[in-house]
Amino acid sequence: MRALRLHADRDLRLEEVPPPPPPAPGEVTLRIHAVALNHIDVWGFRGMAFAKREMPLTVGAEAVGEVVAVGAGVTNWKVGDRAAPYGALTCGKCRRCLAGQDNLCEDVRGVKGFHVGGFACELVNQEARLLVRVPEGISWEDAACGPITFSTVEHMLFDNAKLEPGETILVHAAGSGIGTVAVKIAKEMGCTVIATAGDDEKCAKARALGADHVVNYTTQNFPTVARRVTGKVGVDVVFEHVGASTWAGSLLSLRMGGRLVTCGSTSGVSAETNLMMLFQRQLRIFGSFGASMRNIADGYAKMARGILPVLDTVLPVERFTEGLDRLESRRVFGKIVVTL
């Protein structure tokens with residue numbers, strides 16, 4: 001079968017490899033149909049892994065497929081079922097896992113496609129407990145954006161920031177995969193959305209998605225716009241994943257008691273925080289990493305009712321590196337998906 005395997009930093013090859021063995025007890029075999037690209041793929045491609053890994057490594061952390069074989073003891077999955085694999089190798093036994101907080105597993109063994117072999121291959125074995133059902137009627141390309149993209153936004157907005165209908169939210173990098181989803185979800189629930197992007201073309205696309213106000217952060221001061229839009233009150237929620245370059249402005253944009261939720265630091269990992277402003281204005285900051293399998297299912301429920309990802313580019317697996325190059329250079333609005 002074909003698999004995309006990383007042999008060294010920036011040495012990614014599409015090659016023939018043996019298919020997996022029949023699924024072990026508790027496992028299923030998935031025929032992978034589509035893989036969505038994320039910054040974790042870029043980091044892995046560059047060699048920015050945060051743990052030891054053995055090469056060659058099959059890449060791909062976010063994917064969707066179809067069950068083609070079922071191992072002994074698996075009763076809730078059958079051949080032909082559509083399924084999204086959960087990429088983190090959680091233990092399934094610790095108190096966090098048992099509470100449904102999969103992304104807080106106390107004994108996680110790594111992330112598939114980053115630390116261990118991933119999903120950019122035609123066939124893969126997966127523990128049945130680490131699968132989420134994909135509703136009928138959702139395309140493979142859209143469904144590929146569920147396990148990381150939609151679930152990350154679900155976890156950020158609802159588990160952490162507790163976004164409520166009618167609130168005002170500032171969404172940074174609205175042209176990114178999670179940014180586009182955040183805009184669409186917030187608008188669908190009746191929020192006022194202020195979106196930032198790095199050029200006028202992306203700002204226009206963000207407005208077309210439903211953003212009420214857009215800010216080109218290279219030419220405009222987004223905290224000033226946020227204060228003006230809210231009558232100098234400030235926004236209820238900031239959806240942050242840019243990092244150092246937007247951090248201070250994001251805090252300035254918040255209202256008294258406002259909430260900032262962050263899942264990324266693409267512009268730098270360290271930023272100064274005005275502690276007096278933090279406690280005097282009673283701001284709340286939430287770090288958000290990954291998501292639970294419940295978040296994936298909730299994301300698919302939204303897809304099923306029409307909130308679909310924005311697909312920038314769909315490429316065949318032979319052109320996987322084009323997608324990585326496009327993502328790395330930020331020449332993207334929405335998601336890049338690779339089909340197998």
Side-chain angles (χ1 to χ4, degrees), residues 1-24 26-65 68-69 84-92 102-103 105 107-127 130-131 144-145 147-149 152 177 263-266 269 289-291 313 315-330 332 335-340:
M1 68 171 188
R2 295 181 304 167
L4 273 166
R5 301 215 294 173
L6 188 68
H7 286 256
D9 296 353
R10 297 186 179 274
D11 181 8
L12 187 62
R13 309 174 195 174
L14 179 62
E15 54 193 13
E16 290 289 332
V17 298
E27 289 185 342
V28 305
T29 301
L30 288 180
R31 164 71 172 92
I32 299 296
H33 285 273
V35 176
L37 301 190
N38 295 276
H39 280 290
I40 193 172
D41 298 297
V42 174
W43 297 334
F45 182 58
R46 290 173 177 170
M48 296 169 63
F50 310 128
K52 290 183 178 180
R53 53 186 184 166
E54 293 184 5
M55 300 290 189
L57 175 78
T58 300
V59 299
E62 184 176 31
V64 67
V68 294
Y86 187 68
L89 293 174
T90 59
C91 71
D102 312 282
N103 54 318
C105 174
D107 191 26
V108 65
R109 290 168 288 143
V111 175
K112 286 194 169 186
F114 190 61
H115 303 116
V116 296
F119 304 115
C121 53
E122 292 177 326
L123 296 169
V124 66
N125 288 346
Q126 176 82 352
E127 289 184 70
L130 296 177
L131 291 174
C145 304
I148 292 179
T149 310
T152 295
C263 75
S265 54
T266 53
V269 298
F289 183 77
T313 310
L315 297 168
V317 67
E318 294 83 2
R319 295 169 60 189
F320 187 93
T321 53
E322 292 179 35
L324 282 178
D325 290 343
R326 188 171 175 83
L327 186 60
E328 187 174 17
S329 64
R330 302 185 187 280
V332 58
K335 292 292 293 184
I336 297 173
V337 173
V338 172
T339 57
L340 283 87

Please give me the minimum heavy-atom distance between [X] and [Y], naming the atom from each residue.
X: L57; Y: G113; value: CD2-O, 4.1 Å
X: G118; Y: V124; value: O-CG2, 4.1 Å
X: M1; Y: P18; value: CE-O, 3.9 Å
X: R53; Y: G44; value: NH2-O, 2.8 Å
X: V35; Y: A63; value: CG2-CB, 4.0 Å
X: P20; Y: L123; value: CD-CB, 3.7 Å

With the side chain counted from C-beta on, respond yes when [X] and [Y] share a heavy-atom pair under 4.5 Å apart, and no when they do not.
X: L340; Y: R31; answer: yes
X: L324; Y: L12; answer: yes
X: V17; Y: R5; answer: yes
X: V59; Y: F320; answer: yes
X: N103; Y: F289; answer: no

Measuring from atom [atom1] of [X] to atom [atom2] of [Y], what distance do you get when rounded to the nearest 0.5 angstrom?
X: T90; Y: L130; atom1: OG1; atom2: CG; value: 4.5 Å
X: N38; Y: T149; atom1: CG; atom2: OG1; value: 4.5 Å
X: L89; Y: H115; atom1: CG; atom2: NE2; value: 10.0 Å
X: E122; Y: T29; atom1: CD; atom2: OG1; value: 13.5 Å
X: T321; Y: R326; atom1: OG1; atom2: CZ; value: 13.5 Å
X: T58; Y: R2; atom1: OG1; atom2: CZ; value: 13.5 Å

TODO: Look at R13 together with D11 and state whether they make a salt bridge at an N to O cut-off of under 4.0 Å.
DONE: yes

Open item on the list: P85 and side-chain contact (heavy atoms from CB on, under 4.5 Å): which single residue from E127, E62, Q126 fits?
Closed with: Q126

Open item on the list: I'd like to check the side chain to side chain donor-acceptor pair (under 3.5 Å) partners of R319; sequence neighbours left out, ordered by chain and number.
Closed with: E322

Task: Heavy-atom donor-acceptor pair, K112 side chain to G60 backbone, under 3.5 Å - done: no

Open item on the list: Under the rule for side chain to side chain contact (heavy atoms under 4.5 Å, CB included), what residues qualify as partners of A24, not counting sequence neighbours?
Closed with: E27

Open item on the list: Test of understanding: with side chain to side chain contact (heavy atoms under 4.5 Å, CB included), list the residues that count as partners of A84, not counting sequence neighbours.
Closed with: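 Listed in chain order: V134, P147, Y300.
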
